[in-house]
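Report on the structure given below.
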Amino acid sequence: MDRTGESLGKRAASSRRDAMPVLCYDGTCGLCSRIAALLARADRSGRLRFAALQGASAQRFLRSRGLDTTDFDSLVFCEDFENPNADFQ
């Protein structure tokens, strides 16, 4: 615990909650849409967000990272969608 009585683990978990994890998926792909729906149901905490790759938000994200904005043959996961320096897979 630190001087405020807050555990370091609790503080680290709190800072992770501030991140905005987003899974970008092909909105026209039935399998991708089903995977996104399945993950949404499994995410009981409601932290994970979803964005169709064809949508404006995902298109901005892809362009900002130099990724293809027309070929949607995969899912793109970003640990923190709002942070331009965040990792993505």
Side-chain angles (χ1 to χ4, degrees):
M1 286 198 186
D2 66 6
R3 286 182 285 152
T4 65
E6 182 179 33
S7 75
L8 297 178
K10 186 175 180 181
R11 193 168 355 131
S14 174
S15 67
R16 283 192 303 269
R17 274 189 229 112
D18 296 339
M20 183 181 197
V22 175
L23 178 68
C24 299
Y25 65 97
D26 183 347
T28 63
C29 168
L31 177 62
C32 298
S33 295
R34 286 187 177 121
I35 289 171
L38 176 69
L39 291 172
R41 282 193 305 273
D43 180 24
R44 296 183 194 273
S45 67
R47 287 192 56 230
L48 185 59
R49 301 289 184 253
F50 302 87
L53 287 163
Q54 295 85 348
S57 296
Q59 286 286 301
R60 274 193 306 276
F61 173 82
L62 294 170
R63 275 193 300 279
S64 73
R65 285 154 174 85
L67 299 172
D68 193 342
T69 59
T70 58
D71 184 20
F72 307 125
D73 62 353
S74 66
L75 301 170
V76 178
F77 177 74
C78 182
E79 292 179 24
D80 189 354
F81 198 70
E82 299 296 318
N83 180 352
N85 299 316
D87 292 334
F88 63 91
Q89 302 174 6

Could you report the tightest heavy-atom contact between [X] and [Y], atom names first, then the distance?
X: Leu23; Y: Leu75; value: CD1-CB, 4.0 Å
X: Arg49; Y: Met20; value: CG-CE, 4.1 Å
X: Tyr25; Y: Gln54; value: O-OE1, 4.1 Å
X: Leu48; Y: Phe77; value: CD1-CE1, 3.7 Å
X: Leu62; Y: Asp68; value: CD1-O, 3.6 Å
X: Ala58; Y: Ala52; value: CB-O, 3.2 Å

Task: Steps toward side chain to side chain contact (heavy atoms under 4.5 Å, CB included) verdict (Phe61, Val22) - done: CA-CA 11 Å; Phe61 173 82; Val22 175; over 6 Å; no
Task: Atom pair OG1/CD of Thr70 and Gln59 - distance to nearest 0.5 Å - done: 8.5 Å
Acceptor/donor pairs from residues 28-42 side chains to any protein atom, 3.5 angstrom cut, sequence neighbours excluded:
residue, atom, partner, partner atom, Å
Thr28, OG1, Asp26, OD1, 2.8
Ser33, OG, Cys29, O, 3.1

